[in-house]
Amino acid sequence: MIYKTFKDKQLSALGMGCMRFPTLDGDFKKIDEKTSAEMLDYAFAHGVNYFDTVYMYHGGQSEIVLGKLLKKYPRDSFYVADKFPGVDLSAFGRVEEIFEEQLKKVGVDYFDFYLFHCVCENNIEQYLDADGKYKTYEYLAEQKKQGRIGHLGFSAHAELETMRRFLEKYGDVMEFCQLQINWLDWTYENAKAKVELLKEYNIPVWVMEPVRGGRLAQLSPEYEARLKALRPDESMAAWAFRFLQTALNCTVVLSGMSNFEQVRENVQIHSEEKPLNEQELQTLQTIVDELLGKLTPCTGCRYCTEYCPQG
């Protein structure tokens with residue numbers, strides 16, 4: 001396993017995202033705990049030490065199951081990241097209630113990493129909290145002071161200018177940022193410019209959606225053939241991770257793995273760095289150019305259905 005240094009910590013380059021645990025009967029609220037345990041145990045045994053969850057994943061079950069699965073391991077042998085669920089506007093004003101519930105659900109006394117989750121156009125005013133109505137930051141900063149949060153950061157699905165507004169207020173106190181970055185969204189979601197913005201604030205980058213909800217792991221036969229001609233032994237998922245090893249110096253790459261084979265493959269990929277050369281990068285860019293205009297930005301996160309005012 002490749003490890004990256006973050007302050008006084010050595011973090012596994014591959015982090016286990018807990019939004020896509022295997023499920024039972026096709027119900028995303030029913031996590032297959034037996035298979036999930038096998039996956040997590042394999043990941044842990046092969047060096048993964050970073051586990052990422054949030055309040056709404058799997059209909060609120062992700063935190064509970066993750067807590068159960070980690071209970072067998074010493075608390076100082078892993079890092080847990082959780083998040084304030086800003087994607088749900090009703091969460092604002094309830095930060096203390098939610099934070100205390102999260103600690104109980106995961107079964108820990110503190111979170112190593114905690115994030116303002118999903119900063120975006122729909123919630124930027126609530127996060128900026130100009131009239132001091134919600135005091136989300138004030139509460140979380142106090143929890144950090146008390147040692148119940150190790151490091152405070154944010155995740156974003158925002159346009160560049162919305163991110164800039166957030167950073168103008170909180171940029172000097174955010175320790176890391178989690179962004180949707182992959183070889184398609186480097187252009188399509190303007191991820192490259194967002195990374196450059198974070199550099200202005202000297203904020204390290206965490207990556208989410210490296211294979212875009214699995215979509216970049218299953219390309220059309222035409223595109224797969226082009227990439228296989230250059231790297232016959234690399235899977236499409238490996239291409240996604242190799243792009244990240246080339247394009248930016250990120251700290252943790254989170255993968256929401258759904259079966260044991262994905263865990264095994266991703267662990268193997270992160271045993272060494274194999275950055276792409278100029279020809280390989282150009283081939284990816286050609287595919288991006290052909291795909292633009294044919295896409296919807298869905299990654300299967302379910303946020304738009306879980307919190308849709310129309311149900």
Cluster overlap Leu11 with Ile269, hydrophobic side-chain contacts below 4.5 Å: no
Tell me whether Arg75 forms a cation-pi arrangement with Tyr110, defined as NZ or CZ under 6.0 Å from the six-membered ring centre and within 45 degrees of its axis. yes
Atom of Ala240, atom of Pro210 and distance for their closest heavy-atom approach: CB-O, 3.4 Å
Cation-pi check for Tyr55 against Lys105: NZ or CZ below 6.0 Å from the six-membered ring centre and within 45 degrees of the axis, yes or no? yes
Passing candidate, side-chain contact (heavy atoms from CB on, under 4.5 Å) with Leu248, options Leu198, Ile181, Leu179: Ile181
For the residue pair Phe99 and Tyr114, categorise the inter-ring angle as parallel (less than 30°), tilted (30 to 60°) or perpendicular (more than 60°). perpendicular
Could you tell me if the ring centre of Phe113 sits under 6.0 Å from that of Phe6? yes
Salt-bridged, Lys104 to Glu101, with N to O below 4.0 Å? no
Could you check whether the rings of Phe243 and Trp186 sit parallel, tilted or perpendicular, using 30° and 60° as the cut-offs? perpendicular
At their closest point, which heavy atom of Ala43 faces which heavy atom of Met16, and how far apart are they? CB-SD, 4.4 Å
Are the ring centres of Tyr127 and Phe92 closer than 6.0 Å? yes
Between Phe116 and Tyr170, is the ring centroid distance below 6.0 Å? yes
Within the distance-only criterion (no hydrogens, no angle test), does the side chain of Asn259 pair as donor or acceptor with the backbone N or O of Pro22 below 3.5 angstrom? no
For Tyr42 and Val267, indicate whether the former's side chain and the latter's backbone hold a donor-acceptor pair under 3.5 Å. no
So, Glu125 and Arg165, do they make that salt bridge, N to O below 4.0 Å? yes
